[in-house]
Every structure is written in structure tokens, then in C-alpha cells.
Amino acid sequence: MPRRLLVTAALPYVNGHIHLGHLVEYIQTDIWVRFHKLVGNQAVYICADDTHGTATMIRARQEGRSEQAIIAEMAAAHQADFAGFGIAFDHYGSTDSESNRQLVHRIWAALRAAGHVVERDVTQLYDPKAGCFLADRFVKGTCPKCGAADQYGDSCDKCAATFSPTELKNAVSTLSGATPELRSAKHCFVRLEPFRAFLKEWTASGTLHPDMARWIANTFLVDELRDWDVSRPAPYFGFEIPDAPGNYFYVWVDAPVGYIASTIDWCAKNGDDWKRWWEGGGAEIHHFIGKDITYFHTLFWPAMLRTAGIDLPAKVHIHGFLTVNGEKMSKSKGTFIRARTYLDHLDPQYLRYFYASKLTARAEDLDLNLDEFAAKVNSDLVGKVANLASRTAKFVPRLAASYPDDGGLFARGAAEADAIAAAYEAGDFAEASRRIMALADRANEFVEQAAPWALKKDPAKAAELERACTVSLNLFRQLCVYLAPVLPGLAAEASHLLGAPIAAWGDAQRPLAGNAIAPFQHLVARVDPAKLQAMIAASAVESPAAAPAAAAPVDDGAALAAEPLAPVCTFEDFQKVDLRVARVVAAEEVPKAKKILKLTLSLGGDQQRTVFAGIKTAYKPEQLTGRLVVFVANLAPRQMSFGLSEGMVVAAGPGDAEIFVLSPDAGAKPGQRVH
RNA sequence: GGCACUGUAGCUCAGCGGUUAGAGCGGAGGCUUCAUAAGCCUUAGGUCGGCGGUUCGAUUCCACCCAGUGCUACCA
């Protein structure tokens with residue numbers, strides 16, 4: 001009984017081009033889908049462009065055209081890029097569709113009816129220049145959790161923390177460069193806390209890799225789940241909320257619903273009923289996503305589906321990020337490589353194979369080391385697999401009329417089918433590749449021993465030659481069947497070479513006999529290092545001209561916006577705080593603390609105080625000893641796990657590397673009060 | 001500090017309660033010349049992070065420790 005699989009990859013955002021990082025996911029998913037189709041399951045690969053949000057609206061405004069024009073242009077670009085890599089969606093839709101609007105309405109009505117929607121005022125960042133509230137992705141600043149700079153307003157790609165844009169430090173509008181200000185507006189929220197028990201069970205029920213299930217259980221699900229802000233006030237490009245006019249659904253509401261809407265559109269084209277896939281039809285729903293959007297797919301999304309009576313995903317497959325040469329992709333180093341740029345220089349099969357050889361079921365980051373990439377592709381694809389055909393296909397015009405005795409080689413390869421299939425099924429493509437390459441090694445050993453080139457010289461051994469070639473070409477074909485999910489192009493060429501289509505996983509079980517052999521053509525070229533270099537060069541963006549030296553300082557309002565002024569206090573209030581000049585007489589690291597330094601401060605004479613200060617991320621102890629600082633002398637002592645802290649040292653900055661300890665001008669003496 | 005994951009040959013990684021721990025790549029030596037300078041053979045003497053425990057027997061299970069990574073805590 002074939003399984004019915006509804007498979008999705010995350011919807012790429014309409015505003016950007018596809019790059020090699022995206023492709024990890026689309027290739028991974030494509031391989032998984034192709035595998036299932038090959039084994040005879042009914043698999044549907046659904047994707048779409050994620051179109052809504054402020055970003056699209058602003059871009060349309062800037063370029064003086066409609067959102068729809070942008071969507072059409074980018075949809076074409078995305079699909080061309082995907083097609084270039086052999087990624088074969090069954091349907092590629094758009095979240096800006098009527099089917100999506102209707103479905104969002106339906107799910108919203110269900111959330112309302114279930115009493116999960118609450119409304120309250122939200123203070124949000126507002127761009128006074130652009131005249132609109134700022135979407136998460138349109139605010140950049142410093143991550144409040146880890147201090148990484150240049151992060152978007154919804155999550156940190158450094159530490160994967162999620163937060164709200166108002167939590168961002170040093171926020172700046174990427175639209176206008178203006179410092180955002182705070183404004184209030186009414187928002188709709190979906191309550192998630194009622195789902196916690198359900199989510200706890202669901203995420204632990206095999207829908208996620210155990211590592212990820214644990215991670216979610218230990219992070220998000222330990223505390224009360226915060227209400228989810230699902231609306232944005234106009235102007236906003238998206239679907240208006242039917243019962244809250246002037247408000248629009250936040251893009252993360254309608255984006256995942258787009259999985260279903262895109263299925264609906266596919267069904268409409270094919271005379272199918274979408275409910276067979278999403279509502280009690282017995283289909284398995286599989287989502288492939290990156291670990292950065294785990295939150296949305298394993299908490300919000302199941303809650304929405306459950307409320308609306310739609311099937312829950314059978315499995316959420318989560319992968320890690322792509323690094324290139326061991327580092328985050330970098331525009332200046334030329335490792336931020338667009339799909340199109342890659343296609344301009346290199347064969348997409350290389351990348352499909354390399355990713356496959358590295359992907360496992362775990363959400364580990366995948367490193368594209370370019371030297372390893374070239375070595376692996378050349379060794380495996382060219383040296384082992386393609387070479388097998390290349391070295392035997394030219395000797396004989398056709399395969400032997402019956403498959404000869406090969407000492408059990410083909411049978412041993414056929415017996416690997418289940419193990420390789422299990423590896424594909426589990427998402428452990430690395431293991432599948434290893435097993436396949438092991439078979440390729442055995443096949444090459446066979447050729448070596450049979451030495452068809454020697455047999456060719458002796459006309460009396462023509463039959464033996466034919467047998468040797470029949471075996472090696474069948475072994476080659478067997479490999480191509482196993483590799484077909486990864487390398488559909490190679491499988492097609494192998495089909496052509498031997499005049500027999502590779503159409504099913506079972507084709508690896510039956511050797512061919514008697515087939516005519518087509519004239520041999522090169523199957524896979526070696527990786528040309530010059531082209532690799534050219535690709536890097538084409539991707540490298542010269543780093544922006546070094547900022548004009550010693551330019552006048554620009555005091556933007558980011559810091560103030562990130563932390564608005566406190567309410568007025570009286571002079572008497574201020575006087576309560578006794579600030580003193582102090583000298584750091586000793587600074588030392590505290591065992592087991594990542595952020596804390598232990599400071600011994602002198603107030604003059606024999607007066608000393610011990611302070612534990614959270615400045616270790618920005619200062620080394622030796623930088624501090626001897627210098628003067630400003631010290632809150634009358635702060636109530638605080639017992640910390642490291643010891644008693646008798647006050648605090650005054651500092652500014654958002655944290656992490658950006659901490660600036662205050663010091664008085666020269667001449668001040670320890671013990672003097674700051675007035 | 002807590003939670004999780006990882007720690008196996010120069011590199012990338014398999015493996016796993018049981019004979020002398022494996023593969024690929026790289027390196028070294030040899031063979032071959034059919035093939036896209038591909039292939040085959042030999043070789044790497046690695047405390048399987050450390051220390052204990054369970055066991056007839058552990059790289060494989062358990063405890064603890066160390067290191068790396070991620071999240072999290074300490075910032076009065």
C-alpha cells in the first residue's frame with residue numbers, strides 16, 4: 001500500500017534571491033521526495049513564495065510599482081533558480097492567493113470561536129519617515145540575548161533566540177535609516193498557553209528528531225507560553241483581518257497556511273481534493289525547515305491546525321545552517337553565493353551530491369568547504385561512478401544476451417537496497433551516500449580484475465569481454481538507481497546509455513541483458529578549480545569603501561529608542577544614590593561565570609568594597625586594575641552565588657562586547673562623591 | 001552553574017558489548033594504462049577525550065571528570 005506524502009519546504013521570502021543556504025533545504029527535500037516517488041509512494045512536493053509583510057510593501061513603494069508586479073518577477077526568478085538545480089516541485093504557489101485568504105479566514109474564525117484570541121494595545125517601533133510600523137525584518141540592531149550586532153527584529157541568526165523588535169538594542173529602521181519611535185496600536189493575540197500540554201506531548205511524540213524535541217521541551221515549553229501577536233495595523237501588505245478592520249494578519253500567520261493553500265491550488269489543477277491531504281485523508285504531512293523557524297512550525301502552527309481541525313504534521317524535519325569554508329556566508333569573502341551565480345559556473349549535480357553526502361537527520365550545521373567539495377565530487381562522482389561507465393561502455397556494442405555469473409556482485413548490490421532506502425527515509429543521506437560509494441568501490445575492483453582492455457586485444461575472448469562489460473555496466477546502472485534521488489540527471493543519462501529507463505527503486509534489483517549501448521558521452525565533468533574561483537570572484541562584493549576616517553560623530557537616536565527615558569525623578573530621589581569615585585585595586589575572573597568579574601575597589605584609606613560586575617565580556621581584568629571607576633556606594637549588598645556584591649560599577653552600553661565603564665576625568669580621587 | 005549535543009587515524013566521518021577498531025580523502029610505495037591524469041594493490045602502527053564501575057569481555061552500557069559547541073543562569 002503506497003504511502004501518501006504531502007511534503008513541504010519552507011516558503012522563501014519573495015524579497016530576496018535564492019542562495020546556497022536556501023538550497024540545502026530545497027535540495028534535501030527534493031531528494032526525499034524523489035526517493036519516495038521512486039519507491040512508489042505518492043509524494044507531492046509543495047512550495048510557494050512567502051509574499052506578505054512590510055518588506056514587500058516598502059519595496060513596491062520604493063520602486064513605484066505594485067506588490068503583484070514584484071511577486072510575479074520574483075516568483076519567476078525563484079522558480080528558475082530552483083529548476084536550475086533540478087528541484088521539482090509539484091506545485092509552486094504564492095501566499096498572496098485567494099485560496100490562502102479563504103483558508104486564513106477559516107482558521108482565524110476557528111481561533112476566535114475557540115476563544116483563543118485576545119486584543120490589547122501594543123507599543124511598537126514606528127518609522128516616522130516611512131510612515132508605518134516596522135516589521136520585524138525591517139528593524140536591525142543588536143540581539144538582546146547574545147549581543148550579536150546587525151540582527152533582524154524577530155530572531156537572532158547567531159544564537160537563534162526569538163524576541164520582539166522592541167527588545168532589539170540600538171534599533172534602526174532599515175527602510176529610512178531613521179530611528180524608530182514607539183507608538184501604540186491595538187493588536188490581536190493568539191493565546192498559546194492553553195496548548196502547552198498538547199504541544200509538549202506532540203513535540204515529544206516522534207514528530208521531531210529527539211535532539212530537537214528535547215531542545216524545545218527544555219527551552220520554550222518550560223515557561224508559560226507568551227501570547228502570539230498575530231496582527232499588524234495598516235499600512236501593511238497582507239490579508240486584512242475580517243473582524244478587525246484596519247488590521248492585517250502578520251505574515252507568519254498566512255505563510256504556513258500557504259502550504260495548504262498551495263496544495264489547494266495544485267488540487268484544483270489536478271482534479272484532486274485537498275482534504276484528502278490535509279483533513280483526515282490518511283496522508284502524511286512532512287515539513288522541511290531550518291532550525292531558525294522551528295518556533296513557528298512546532299508551536300504556533302500545530303496550535304492553529306489543531307484548532308481548525310486540520311491534520312497535524314507527521315514529521316517536521318529540521319536542518320542546520322550552511323557555512324562556507326567553516327564560516328558564516330560572507331559577501332565580502334565571496335562565499336555568499338546566489339543560486340544563479342553558482343549555475344553560471346558549476347554543475348548543479350555537484351552541489352546536490354555534496355549536500356547529500358553531508359546531510360543527516362540531525363539539525364547540525366552543514367559546512368561547504370570548497371576544497372572538500374571539489375575533492376569529494378571528483379573522487380566520488382567522477383572517479384568512482386561516472387568512470388565505471390566511462391571505462392567499459394566503449395568496448396562492446398551491446399550487453400550480453402543473458403546476465404553472466406558475476407560472483408554475486410550484483411546481488412550484493414541489490415541486497416543493499418533496503419538499507420539505502422532506510423537511510424533516505426530517515427533523512428540520513430550521508431549514510432546512503434557512503435553505502436552507495438562502497439558499492440562503487442567494489443564495482444571498480446571488479447573492472448580491475450576483469451581487465452576488459454586486455455580481453456579486447458584477444459578476439460578469442462570476445463564473449464568474456466562482453467560478460468565483463470555487461471557486469472560493470474549493470475553495476476553502474478545499479479548505482480545510478482540508488483543515486484537517482486540525488487542525481488536525476490545522471491540517472492537519465494544512464495537510462496539513455498543502456499536504453500532502459502530508471503523509473504523505479506526496484507530497477508536496482510534486475511540486471512539488464514541484451515540492451516544496445518548508446519555511444520558513450522561524458523557524464524560528469526570534473527570540478528574545474530578555475531570555475532570555482534570564478535564563482536567566488538563573481539560573488540565577492542567589494543567591501544564598502546572604508547568609512548571616511550574621522551568623520552564627525554553621528555549620534556543617531558538608536559540607543560535612546562532602545563531604552564527610552566525613565567520617568568522624571570526629583571533631586572531628592574537622585575541624592576539617595578551615593579555615587580563615589582573608586583579605584584580598582586584588583587580585578588579577577590570568577591570561576592564558572594561567563595559574564596562576571598570580581599572587582600576589589602578602593603574608596604581611599606582602608607575602605608575597600610567587593611563588587612561582582614557583569615562586564616567580563618568586554619573587559620579583561622588587567623585592563624581594569626588601577627583605573628578609576630564610578631561606584632554606587634550605598635546600594636544594598638546583594639548575595640550572589642559567587643559571594644557578596646557590595647555595590648555596583650556604573651557602565652553604559654547594550655551588553656556583550658559593548659560595555660563601557662564610566663570613569664572620571666584625571667584628577668579625581670577615590671572616595672570623592674559624584675554630585 | 002543547569003540542559004543538550006559532540007569528542008574514534010593528518011582531514012571528513014562510519015561503527016559498536018565480543019576475534020588483530022573501519023571507510024573515504026590526503027601522504028608514502030608499487031601495479032596498470034580501458035577510462036574525464038580516472039583505477040587497483042600495499043601502507044597509516046590511532047591511549048576509540050580521561051578515570052572508575054557493570055560484565056567472562058567495552059570504543060560500544062553506567063557514574064564522574066575534562067574539552068568543544070548551542071541554549072540558559074549569574075550583570076544589584
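In what follows, chains are A, B, ... by sequence order, proteins preceding strands, each numbered from 1.
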Please report, to 0.1 Å, the donor-acceptor pairs under 3.5 Å made by any side chain of residues 433-440 of chain A, with sequence neighbours excluded.
residue, atom, partner, partner atom, Å
S433(A), OG, F429(A), O, 2.7
R435(A), NE, E431(A), OE2, 2.9
R435(A), NH1, E416(A), OE1, 3.2
R435(A), NH1, E416(A), OE2, 3.4
R435(A), NH2, E431(A), OE2, 3.2

*asked:* Between G52(B) and U19(B), how far apart are the two P atoms, rounded to whole Å?
replied: 23 Å

*Round to a whole Å and report the spacing from CG of L601(A) to P of A76(B).*
11 Å

_Does L635(A) reach a base, just sugar-phosphate, or nothing at all? Heavy atoms under 4.0 Å._
sugar-phosphate

*Please state the P separation for the pair A9(B) and U72(B) - nearest whole angstrom.*
32 Å

*Provide, to the nearest angstrom, the distance between the NZ atom belonging to K456(A) and the P atom belonging to U33(B).*
12 Å

*When rounded to the nearest Å, what value does the distance between P atoms of G7(B) and U12(B) take?*
12 Å

*Just one of K328(A), H319(A), K291(A) clears the side-chain hydrogen bond (donor to acceptor under 3.5 Å, both in side chains) bar with D365(A), so which one?*
K291(A)

*Looking only at side chains, do Y403(A) and N474(A) share a donor and an acceptor under 3.5 Å apart?*
no

*Who are the ring pair (Phe, Tyr, Trp, His ring centres under 6.0 Å) partners of F288(A), not counting sequence neighbours?*
W32(A), H317(A)

*Would you say C5(B) has OP1 or OP2 under 4.0 Å from some side-chain N or O of R214(A)?*
yes

So which protein N/O to nucleotides 27-30 of chain B N/O distances come out below 3.5 Å?
none

*In whole angstrom, what separates L644(A)'s CG from C75(B)'s P?*
13 Å

_Sugar-phosphate or base contact per nucleotide [nucleotides 35-41 of chain B; S, B, -; heavy atom under 4.0 Å]_ = BB-SBSS

*asked:* Which residues pass the salt bridge (Lys or Arg N to Asp or Glu O under 4.0 Å) test with E193(A), not counting sequence neighbours?
replied: R196(A)

*Can you name the side chain to side chain donor-acceptor pair (under 3.5 Å) partners of T570(A), sequence neighbours left out?*
D573(A)

*Can you check salt bridge (Lys or Arg N to Asp or Glu O under 4.0 Å) on E364(A) and K358(A), steps first, answer last?*
CA-CA 10 Å; E364(A) 292 169 317; K358(A) 288 277 173 183; over 6 Å; no

*Nearest-Å distance once atom P is located in both U47(B) and U59(B)*: 13 Å

*H209(A) NE2 to A4(B) C1', straight-line distance once rounded to whole Å*: 11 Å

_Separation between the P atoms of A14(B) and G2(B), rounded to whole Å_ = 28 Å

*Could you give the CZ-to-C1' distance, from R434(A) to A14(B), as a whole number of Å?*
5 Å

*asked:* Pairs counted only when both distances fall under 3.5 Å, Watson-Crick or G-U: show me the 5' to 3' dot-bracket for RNA chain B, [ ] for pseudoknotted crossings and | for other-strand partners.
replied: (((((((..((((....[...)))).(((((.......))))).....((.((..]....)).)))))))))....

*What distance separates D367(A) CG from T323(A) OG1, expressed to the nearest 0.5 Å?*
3.5 Å

Which pairs of donor and acceptor atoms, one on a side chain in residues 457-470 of chain A, lie under 3.5 Å apart (sequence neighbours left out)?
residue, atom, partner, partner atom, Å
D458(A), OD1, A460(A), N, 2.9
T470(A), OG1, A400(A), N, 2.8
T470(A), OG1, E466(A), O, 2.6

_Interatomic distance where NZ belongs to K598(A) and C1' belongs to C75(B) [whole Å]_ = 16 Å

*Taking only residues two or more places apart in sequence, or in another chain, which ones meet N634(A) in a side-chain contact (heavy atoms from CB on, under 4.5 Å)?*
D578(A), V632(A)

*Which residues satisfy the ring pair (Phe, Tyr, Trp, His ring centres under 6.0 Å) test with W228(A), sequence neighbours excluded?*
F300(A)

*Looking at residues 345-369 of chain A, who's got a heavy atom less than 4.0 Å off RNA chain B?*
K358(A), R362(A)

*Using atom P of each nucleotide, how far apart are U33(B) and C40(B) to the nearest Å?*
16 Å

_Whichever of T219(A) and P452(A) has its nearest RNA chain B nucleotide further upstream toward 5'_ = P452(A)

*Given atom CD1 of I436(A) and atom P of G24(B), what is their separation to the nearest angstrom?*
16 Å

*Closest contact, heavy atoms only, W215(A) versus T219(A)*: O-OG1, 2.7 Å

*Going by the angle between their ring planes, with limits at 30° and 60°, are F296(A) and W252(A) parallel, tilted or perpendicular?*
parallel

*For nucleotides G68(B) and A76(B), find the distance between their C1' atoms and express it as a whole number of Å.*
33 Å

*Whole-angstrom distance between G57(B) and G18(B), as gauged at atom C1'*: 6 Å

*How long is the line joining CG of L221(A) and C1' of U72(B), in whole Å?*
15 Å

_Partner set under side-chain contact (heavy atoms from CB on, under 4.5 Å) for L370(A), not counting sequence neighbours_ = V324(A), N325(A), L368(A), L532(A), I536(A)

*asked:* Angle between ring planes, F373(A) versus Y342(A), binned at 30° and 60°: parallel, tilted or perpendicular?
replied: perpendicular

